[in-house]
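As structure tokens, the structure follows; a few thoughts come after it.
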Amino acid sequence: MFVSTLTGICNPKKCEATCAPGLNRCSICEVGIACYPPTSKCNFFIDCVDGSDELNCTYVSTKCSESEFQCDNGECIDSSFVCDSNADCLDASDEHEHKCYDHICGPNHYACSATGKCIDIEKLCDDTPDCLQGNDELSCSSDKCNSLACEYSCRPSSDGGLCYCKPGFQVNVTEAGANTCIDYNECHGPWPVCEQMCSNTEGSFFCSCHNGYIIDADGRSCNLFHPYSEVLHPVVVRGHKLTAILNDNWGGVDLSTNGSKSLAVGYDSSYGTDYYIFWVDNSKLNVLKKMQSTATLEAQVPLKHMLEDVVSMAADWLTKNIYLLHNSRVVNDKFDRKVKKPYSQVILVNLANMSAPREQTIIDSGIQYPQDIALDSKRGFLFIAHHRYRANIFRKNGMISKFDTSGKFIKNVITTRLLNPQGIALDSINKRIFFVDMLRDVIEMCDYEGRGRQVLYEGGAGIPRPYDMVLSGHTLYITDQTKMEIVSLDILDPHNSLKVVEDYHKSQDQVYQIAIADYHSLAAHDKNICHESLCEQICTPVPADFMLGSVSLAPKCSCEDGYVLNDDKMSCRRPVEDSDRYLLYVDHNILKGRLVNQSSDDVTVPMVPVYAEEDNNIVGISGDGSKRVIYYSYGVTGKVMVYNMVTGEQTHLATINGEIESLAADYLNHWLYAADVLYHRIYAIKLTDPPGSSEVIPLISAPYILALDVLPFKGQLFWISDNLLSRSEDEEKFAAVMRSNCDGSEVTKIISKDLHKPRSIAVNSHTERVYVSDISQHSIMNCNLDGDNCYRIPFSNTVLSLAVEVRSGGLYVGTPAGIDYMQPVEGGSPAQFTTKHVASIEQGLLGKAMRVLDFGIYPYQRAYHPCERLNDCEGYCFTAHDATDGSIARRCACPPGQSLSGNTQCVTNSSAYFPSICGVNTYECHHDHNAGECYFIIIHSILVFISN
């Protein structure tokens, strides 16, 4: 019985020698003894590594669909998997040699078993070896020719004889067993016989070309009817150099020492023989103008997005749109080590004005470990090769996905039997995809829907490690990283046309990406439809009706990051109006913002992302909607920054000696509260207008402050305190939620039970509820402002962050899978919510800070604020909750080293420190440089021996 090495994976879960009731046991396999349910017995899928679950089976034959092949054992597989040198049927009947003669090579040819090379049938058993291992001359015999009843002729073979027909016909075995000859439709053969259009005739065929092309003298290939097409050469990245191939006399250009591998080429018909080459390095888009044998650097465009790992590019010079495929970012892990994490994006850069390019994020999720991107500008399609990594490289799940040019997902074209798709090339005329699987060392092709999949070439000795490729006419140019070569392959005769074009082995230049100008667009487009559009910023030609197979395009307007479309769907605006509300969060160490009413499939980026400084992590975020600013902190360095959403300006606000893990802004009284997890303090930062260097005041000392939030309308602070080292057997078994006034007075523990591992806190002023996430319990604690009337809301995933949406009373919940929104059920209890998914965050790199920034909700007017009406405090003015009537009252405070005299005046008092609430087994320092800090007491036991 055949056992597939890719699907025959033993169940990694080890079972006992005797399986649990209802389970069958495999034989002993490589990782232990595995058990499987009875439903997995004889189901055409190997669960045991030894295949014992598929032994002694009597399979029930089922009817396969028209697109499937039926194996001899009754199993159904995709018909494109037949005779592709990979056994997909359990009995390997899809690769039986007698079935694959015509399938691999077409009629009247013989397939060499070792290499798949096709030779003419008349070269079989002619005493001259034509196959690499000479198997075409082994055990030749014609003993069976008389019994085969061949209509045309019989050739000696290792099987005793092989029938064949004259050219243009194929063998047809009748019910009586006779081998007759019928017409062979060359247009539906395993490989293309025409570069473009094919028409079958009785015993033959003829080729033709689309408009804009003329048939070549060979009668099969097509040439672009354009005077400049012959000067467009493929361009390749080799080592640190960019060069053209195919006898071009251009010497090339040196790339930066970083060795950029991303490459794209665009053709601009308005410049005659000139075309443009693009590559990205150090977050700069380099534009090189190629003019026959010379080249000049036209521009170096700084990119707003900090793109560290652009792996591939595609260019549509008709619309001046460049598509950049980004793979990963380097971030600091919890041990402050630099690690590379997947961060997959497609960024569109519009170069209509090179001095002021527009950047738009069009794909931000749904792809992992992307390798290559290809553009069909004629039909408005993007194809992306990517894979989802597994620990075992042979468990990578590669796929090729199809999008339109605006970033809208259409479908996954290839999802099976693909490990690491490294390079893709498109035949936009015939709607074909050519792709490389680097782990399997094969080059395959299919149509735009994934149908008609065929192995075009298996690497072997010819192309042992294919990396990238481009298609020019009917020739594929492929980079090989083992031989350091560029080879060519004619898709009309793939088994007999391999040639070495460039050999860089002596110079030891490794070859990477290869690109060529999309000069097919010269014939594909009569005009650029975006020229007729009224788009204010960016126009992308998208399929008008791709579901019906239409090739017509329609202009689609969009905006660069930081803008959104107006209702007219053409003009753009900055979303900083009173009606706008943002959800702020940190993803892959990037501060992002999305509108709260933005649908989950809307890729619009209304806020330009804020990238962290090198060697820093963004951990705390808050904001002031009235000023259109965001506050964020770097944890380890203690730096607090302010970002203006209107101007895009970033300003240093303050630096605190500590690790600032959480921020909360009192936007009514203009204080920013910062939690220091290192020295166990809450600081108050006085906000100025315009923002600049601000006063920092130590306010409260408390053990291990994990997160905090502020309720401006109540004049209260809420925070999580987890005195980890002071938990004894009898008390303090749980973390606590604390509450105080905004001046640090009246510190109260409001929740002290059932909090095991709290991570984030959010306070809803609309419902007057406190929400605390507990990652060990997979739940959210929900209590009133006094810590009473509590509910535990179970959640299916680990809750990393929380944010309240005040207007609706809803709650945003961050998890390793992304962000969900919980809407309270009208008339229900505080524990009743409906949940919907808002945004996906790849690889679970969501920060613990999340806030909703509302530009228009300020019912409590500043003029009525007590610090505005009674601003007679000599030092600072804070607010506090008045329990008698629920209002907020003014509280004056003084800097450290001073104390109040009366209610408003400050006098010198060197012994005046802010109150401390240090926990059990901790003490409070009173030295000038660290007054008020909490430190843990470590008691060492000492044994003293006294001798006489």
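When a residue number appears, it is its place in the shown sequence, counting from 1.
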Judged by atom type as modelled, is there a donor-acceptor pair below 3.5 Å linking the side chain of [X] to the main-chain atoms of [Y]?
{"X": "His652", "Y": "Ala654", "answer": "yes"}
{"X": "His326", "Y": "Ser344", "answer": "no"}
{"X": "Arg851", "Y": "Leu663", "answer": "yes"}
{"X": "His756", "Y": "Pro758", "answer": "no"}
{"X": "Arg628", "Y": "Val576", "answer": "yes"}
{"X": "Thr748", "Y": "Glu746", "answer": "yes"}

*Take Cys906 and Cys894 through the test disulfide bond (SG atoms under 2.5 Å apart) and record every step on the way to the result.*
CA-CA 6 Å; Cys906 294; Cys894 298; 2.0 Å; yes

*Report the C-alpha distance between Val596 and Tyr821 in whole Å, list the side-chain angles of each, state the deciding distance to 0.1 Å, and finish with yes or no for side-chain contact (heavy atoms from CB on, under 4.5 Å).*
CA-CA 10 Å; Val596 297; Tyr821 177 69; over 6 Å; no

As an exercise, state the distance from [atom1] of [X] to [atom2] of [Y], rounded to the nearest 0.5 Å.
{"X": "Met850", "Y": "Lys592", "atom1": "CE", "atom2": "NZ", "answer": "14.0 Å"}
{"X": "Ile685", "Y": "Tyr673", "atom1": "CD1", "atom2": "OH", "answer": "11.0 Å"}
{"X": "Met641", "Y": "Ile630", "atom1": "CE", "atom2": "CD1", "answer": "12.5 Å"}
{"X": "Tyr632", "Y": "Lys639", "atom1": "OH", "atom2": "NZ", "answer": "8.5 Å"}
{"X": "Phe878", "Y": "Asn741", "atom1": "CZ", "atom2": "CG", "answer": "11.5 Å"}
{"X": "Asn782", "Y": "Ile751", "atom1": "CG", "atom2": "CD1", "answer": "9.0 Å"}

Nearest atoms (heavy-atom pairs only) where [X] meets [Y]:
{"X": "Gly810", "Y": "Pro824", "result": "CA-CD, 3.8 Å"}
{"X": "Leu668", "Y": "His865", "result": "CB-CD2, 3.8 Å"}
{"X": "Ser779", "Y": "Arg792", "result": "OG-NH1, 2.7 Å"}
{"X": "Ala665", "Y": "Gly623", "result": "CB-O, 3.5 Å"}
{"X": "Gly658", "Y": "Leu678", "result": "CA-CD2, 4.2 Å"}
{"X": "Asp580", "Y": "Pro575", "result": "OD2-C, 3.0 Å"}

*Would Ser773 and Ser760 count as having a side-chain donor-acceptor pair, cut-off 3.5 Å?*
yes

Just wondering, do [Y] and [X] contact through their side chains at under 4.5 Å, heavy atoms?
{"X": "Lys304", "Y": "Asp561", "value": "no"}
{"X": "Thr637", "Y": "Glu613", "value": "no"}
{"X": "Glu874", "Y": "Thr904", "value": "no"}
{"X": "Thr361", "Y": "His305", "value": "yes"}
{"X": "Asn617", "Y": "Val636", "value": "no"}
{"X": "Ser740", "Y": "Ile700", "value": "yes"}
{"X": "Asp624", "Y": "Tyr631", "value": "yes"}
{"X": "Asp820", "Y": "Lys836", "value": "no"}

*Could you go through the side-chain contact (heavy atoms from CB on, under 4.5 Å) check for Val619 and Val586 one step at a time?*
CA-CA 8 Å; Val619 289; Val586 179; over 6 Å; no

_Below 30° counts as parallel, above 60° as perpendicular, anything between as tilted: where do the rings of Phe713 and Tyr667 land?_
perpendicular

_Assess whether a salt bridge exists between Arg739 and Asp709, defined as any Lys/Arg side-chain N lying under 4.0 Å from an Asp/Glu carboxylate O._
no

_Results of salt bridge (charged side-chain N to carboxylate O under 4.0 Å, His left out) for Glu659 - residues two or more places apart only_ = none

*Are the sulfur (SG) atoms of Cys892 and Cys877 separated by under 2.5 Å?*
no

*Is it true that Cys783 and Cys790 have SG atoms closer together than 2.5 Å?*
yes

*For Ala675, check side-chain contact (heavy atoms from CB on, under 4.5 Å) against everything at least two apart and list the hits.*
Ser662, Ile705, Leu708

*Assess whether side-chain contact (heavy atoms from CB on, under 4.5 Å) is satisfied between Trp671 and Ile697, documenting all intermediate values.*
CA-CA 10 Å; Trp671 285 98; Ile697 304 161; 3.4 Å; yes

*Give a yes or no on whether Asp786 atom CG has more than 12 heavy-atom contacts from other residues, nucleotides or ligands under 6.0 Å away.*
yes

_side-chain contact (heavy atoms from CB on, under 4.5 Å) assessment of Val799 paired with His778_ = CA-CA 6 Å; Val799 178; His778 292 282; over 6 Å; no

_Name of the residue among Val763, Leu802, Ile780, Leu755 meeting side-chain contact (heavy atoms from CB on, under 4.5 Å) with Val772_ = Leu755

